[in-house]
Structures are given as C-alpha cells and as structure tokens.
Amino acid sequence: IRSMNQKLGKRLFYLGIPALGVVFCLYYLKIATTDLAYTDYMRLIVSYLPDVGNPAKFFVPDVLTRVPITYLGRIINVALFHYSPAFDMVLGVLSHGLSALAIAAYCRGKRGYAPWFLVIMLLLFSLNKWEMLGNGSGWVCFLSIAGFYWNFVILDRVAGGEERKYDRIFLKALPPLLTLLVAGPYCGSYSLILTLAYGALLLKEFRTERTVNREWAFDLAFVLGALGLYLLSSHFAVYEYRGATDASLVSALLADPKFFVKFFLEAFASPVLGIEVISGVIKTGKGVCLLGAVVIAFYLFALYLNVRFRVFERTLFPLLLILTGGVNHCLVFYSRWIFLQENYGMASRYAIQYEMGIFGILLTFAAVFSIIKERRADAGRKSLAERILPAAAAVFAVLLLAGNFYTTRQELLKAPLRKESLRIAEETALNYKNETDEALGEALHTDGKRARKALEILDENNLNIFYNKEER
C-alpha cells in the first residue's frame, strides 16, 4: 500500500503542477486580455480572411514558412468562434502545458529531480512571456517548442537504452511534422541540434562497433529531408521588416561593435528579468550587461560540468537544451540586429526560446548532484567543481526565481491596465469609420491603413468584435 501511495503521490506531483501552471496562465489571460484582434492579427486578417478555406491561399510556394497548421486553426476559429483571439490564446496555454508534461516525463523516473522540476515549473509558467501568452496569433510557437521538448525526451530515452514502444516511430515522424507543419522559422535551431546529436551518436557507434547505426542514419535523414523542404519553401518567401536598417552586418559591426556586445548580454539577461520591469530593478545598462554575463558564465559552467562528469553519456536531454538555448540566442541576434535596438533581444516573445537553455543548465545541476551522490561511497578528495557546485546551483536558482517572481508580480499588477487599454482600443476599432488611420494604427499597434482594411473585413463578415455588435 505504501508503494502504491508513493506512486500515486509522484503521479499527482508531476501532473498536478503542470495543470496548476495552465490554470494560472488562463487566469492571467482572463484578467489581462480581451477578445480583440489587434497587432499581428491585422496582417493575418488581410492575408487570409474571410475565405479561410480558399485553397489558393494555401497552395503557395512559401506555404511552409506560413506554418500550415495555422490554416486549420483559422478554419476552426472562424467556423466555431467567429475569429476569436481568445481561442488562439487558450491553444497557446494548452500547448505550453504540453512542454511542462514533456519535462515531467523526463524528471519523473529520476531520483532527486523533484526540487529541480519544481523550480523549472515556476520558471516555465512565469509571466516573463506575457507577450506571447496575450498574443493569440503566436499559439503555434508554444506548440512547436512543446514538440521540441518531446522529441528531445524521446531521443534521450532511446539513446539511453530505455526505448519504449513507438519511440522509434516518433523519432522519424516528429521532425517532418514539426518542421513542415508547426515550427516555421523555429525549425532552424531544432534541426541543427538534432543533426549534431545524430552525428555524435553515429560517430560514437562507429568508433565502438565499426558499423553505421541504420536507425540513427534514417532518423537523421528525416531531419535533413524536412529541413531541405522548408528551406526550399523559404526561398520563395518575401519578408517585411518595418524599421530595419539597410546596412550590412559587417559595416554595422565596424561602426558600433559595442552594440552587438550589448545586444547579446542584454538578451542573456532576459530569462532573469523581463524587459518590461528591468528598469525598476537595475538602473543602468551596465547592470543589465553584468547580469547577462553572469547567465553566460552559468552556460559555460554547465557545459564544463557535462564534459567533466560525462553527463551526456547518461542523459542527452540537458545538453540538447543548453545547445538549443545558445543557438536560439544566435538566431534571434542574426534576425533582429537589423533593427539596431540593443534591447530587442530581451523582448518577451523570445522567452520560451531562451528558457530552454536555462532548463538545460538546471537539469545539468540535477544530473551532476545525482552522480556525486553515487560516488560518495568512494573515498577521495572532492574536485573543485564538486566543492563549488552546491553554492553555484543555489545562487543560479535563487537568481532566476527572484527575478521571475518579481517579473510575474509586476505583470499581475499591470494586468488590469493592459485589459483596460485593450478595451479602449476595442472602442476605437468599433468606431473605425470615424477614426483616422493614425489613430487606428496607434490603438491596434500596426500600420493604420492595414488596420482599417482588416476591420472592414471583420465588419463585413460579422467576425470578432463585430459579431452581434448590436447586442453589445
């Protein structure tokens, strides 16, 4: 009976905490958002509404860059919910919950991981990602990240000799499904990390067995094949960058090298404190850069621990997350430096990408503590890494929790103000015929002419805020 109670308690712990996190995020949406289509929705409305089922809008050369699964989401949204951003927001939160379940599946079977899992969940459901939560058009980003977590967890199981039924099928099916239907540009870091992982696994097997593991080779082929199709589709895409510089990367680097250093450091600081609240805690740019340097130092320390304690031989998952987090920072820099804003990389919309690396660091600490515990029976002097690890891990966890708790608290305080601002914007949108383009653009955070065209489409088709507007 005691064993059954322990199993039940563990199940409730690893399922209950993600469920509570989902409930918390839904509560935040209730107090901070309205059902108004604005910002990115204006572009989507002009591009795809009202005939969301029109094949001509789907069968285009760059369809893979437009994330095909969102077409299905729009069809359902228009047919059943009259194009409700709230529907998309809920999808985003549920997808975020899938990420939590993936991490739970990884931690559940390991001793001593419960405290680290709790810390990760507190960070995962922090409101440092409020912008993504409140902008329903980004729901698919949460889904893609969840898919990455699950793919990495399954790969970790198979590589560790704990393969379950259908795991091999998932390893072949997930990369094409995620890359071609769900991830969009997020597939870059995902595909790169999987390529490195499979390359390392193939090399390891060749060195020990002098043979090529066909399963790993096939898995890699599915990753590269899907990425190739995405890149081919991306070749036909035309991207719109408002406010971007025409200067080249080299010329901008030579003109102001400090800008790039600050961009990187401030982006690395963002998992600790969100850009919306950082001015209330750190008053100078140097302080933000110092915080970013501290986070980078922990990245390097975690990589050292993976090598020093051969963590990757026991479990790949932490290292995959660390590398993914680092690559995400590089990709955000590569695609966003053109706006020449030092703090652009700190935007809330990138939090779910960056925190993958943070979770990898924390899980590396958990793995090393487990290894050290196993070695306690062996007499001997502790290494420097073993002596400083407890203090370093505690400092990093406290730093992250303190910063994210502060950010979450501030966002909860701002939530009513955000909702009131959206209500005012909704009044402006409903009165769009009597408003100027400038007023519409300012209220809906987009181009004024595009906003007017989008509102006309919604009005003519009785969608979103115009659905049964006579009853409002």
Side-chain angles (χ1 to χ4, degrees), residues 64 98-99 101-103 105-110 143-232 302-303 305-328 330-331 353 356-357 359-360 363-364 367 370-371:
L64 299 182
L98 287 177
S99 293
L101 291 177
I103 298 172
Y106 172 79
C107 293
R108 184 178 172 184
K110 295 176 170 56
L143 183 60
S144 63
I145 295 295
F148 300 164
Y149 278 120
W150 276 107
N151 198 155
F152 293 161
V153 167
I154 294 170
L155 176 58
D156 179 83
R157 278 204 305 251
V158 175
E162 300 176 353
E163 180 180 339
R164 299 180 185 177
K165 190 177 181 181
Y166 303 124
D167 275 356
R168 285 289 184 178
I169 296 176
F170 284 131
L171 288 182
K172 293 173 178 59
L174 281 174
L177 289 175
L178 292 173
T179 301
L180 303 180
L181 301 180
V182 180
Y186 281 24
C187 73
S189 59
Y190 167 66
S191 299
L192 174 60
I193 298 306
L194 283 182
T195 300
L196 293 175
Y198 284 126
L201 289 169
L202 284 167
L203 181 60
K204 177 184 176 182
E205 194 114 357
F206 183 78
R207 283 180 173 178
T208 56
E209 305 293 336
R210 293 297 174 183
T211 60
V212 175
N213 186 308
R214 291 185 178 182
E215 288 287 355
W216 295 139
F218 284 141
D219 293 340
L220 178 58
F222 277 98
V223 172
L224 296 179
L227 178 62
L229 289 174
Y230 178 84
L231 292 177
L232 177 63
L303 288 174
L305 291 175
N306 267 277
V307 176
R308 169 68 178 77
F309 291 91
R310 314 295 290 181
V311 174
F312 56 86
E313 293 182 350
R314 294 186 172 213
T315 173
L316 287 174
F317 190 58
L319 183 58
L320 293 177
L321 294 185
I322 292 171
L323 295 177
T324 301
V327 171
N328 282 336
C330 293
L331 291 179
Q353 296 171 257
M356 295 182 79
F359 298 162
L363 290 173
T364 296
S370 179
I371 294 172

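No experiment lies behind these values; they were computed from the predicted model shown. All values below were derived from every heavy atom in this structure, side-chain atoms included, with hydrogens, water molecules and symmetry-related copies excluded.
Applying side chain to side chain contact (heavy atoms under 4.5 Å, CB included) to L174 and the options I154, V223, D219 leaves one that passes, I154. Of the options N328, N151, T179, a side-chain hydrogen bond (donor to acceptor under 3.5 Å, both in side chains) to Y190 is made by N151 and by none of the others.
The OG1 atom of T364 lies 10.5 Å from the CZ atom of F317; values are rounded to the nearest 0.5 Å. In this structure, CD in E215 is found 7.5 Å from CD in E163, a value given to the nearest 0.5 Å. To the nearest 0.5 Å, the span separating CG on N213 from CG on L220 amounts to 11.5 Å. Considering NZ of K172 and CG of D167, their distance stands at 10.5 Å, rounded to 0.5 Å. M356 contributes atom CE, which lies 11.0 Å from atom CG of L323 (distance to the nearest 0.5 angstrom). Distance CZ/F152 to CG/L319: 10.5 Å, rounded to 0.5 Å.
Contact between S144 and A183 at its shortest, heavy atoms only, is CB-CA, 3.7 Å. Residues L194 and P175 come closest through the heavy atom pair CD1-CG, 4.1 Å. The two residues Y230 and P185 have their closest heavy-atom pair at OH-N, 3.1 Å.
Counting heavy atoms of neighbouring residues, nucleotides and ligands inside a 6.0 Å radius, atom CZ of F312 exceeds 12 of them.
Side-chain contact check for F170 versus R157: every heavy-atom pair is 4.5 Å or farther apart. A heavy-atom distance below 4.5 Å is found between the side chains of V311 and I371. Within the 4.5 Å cutoff, the side chain of C107 has heavy atoms near those of the L363 side chain. Annotation: side chain of L192 is not in contact with side chain of T324 (no heavy-atom distance under 4.5 Å). Contact annotation: the side chain of L177 never approaches that of V182 to less than 4.5 Å [non-hydrogen atoms, C-beta and beyond].
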TODO: Before giving the answer on side-chain contact (heavy atoms from CB on, under 4.5 Å), spell out for T195 and L227 the whole-Å C-alpha distance, their side-chain angles and the decisive distance to 0.1 Å.
DONE: CA-CA 10 Å; T195 300; L227 178 62; 5.6 Å; no

- [ ] I would like to know whether L101 and W150 meet side-chain contact (heavy atoms from CB on, under 4.5 Å); could you show each step before the answer?
- [x] CA-CA 9 Å; L101 291 177; W150 276 107; 4.0 Å; yes

Open item on the list: Run the side-chain hydrogen bond (donor to acceptor under 3.5 Å, both in side chains) test on T315 and Y106 for me, step by step, so that the C-alpha distance in whole Å, both residues' side-chain angles and the decisive distance to 0.1 Å come before the verdict.
Closed with: CA-CA 10 Å; T315 173; Y106 172 79; 2.7 Å; yes

Open item on the list: Please evaluate residues L320 and D156 with respect to the criterion side-chain contact (heavy atoms from CB on, under 4.5 Å), reporting the C-alpha separation (whole Å), side-chain torsions for both, the decisive distance (0.1 Å), and the verdict.
Closed with: CA-CA 9 Å; L320 293 177; D156 179 83; 5.7 Å; no

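With sequence neighbours left out, S99 forms a side chain to side chain contact (heavy atoms under 4.5 Å, CB included) with I145, A146, Y149. For L201, the side chain to side chain contact (heavy atoms under 4.5 Å, CB included) partners are L155, A159, Y198, W216, L316, not counting sequence neighbours. Remark: R164 pairs with no residue by the side-chain hydrogen bond (donor to acceptor under 3.5 Å, both in side chains) rule, at least two apart or across chains.
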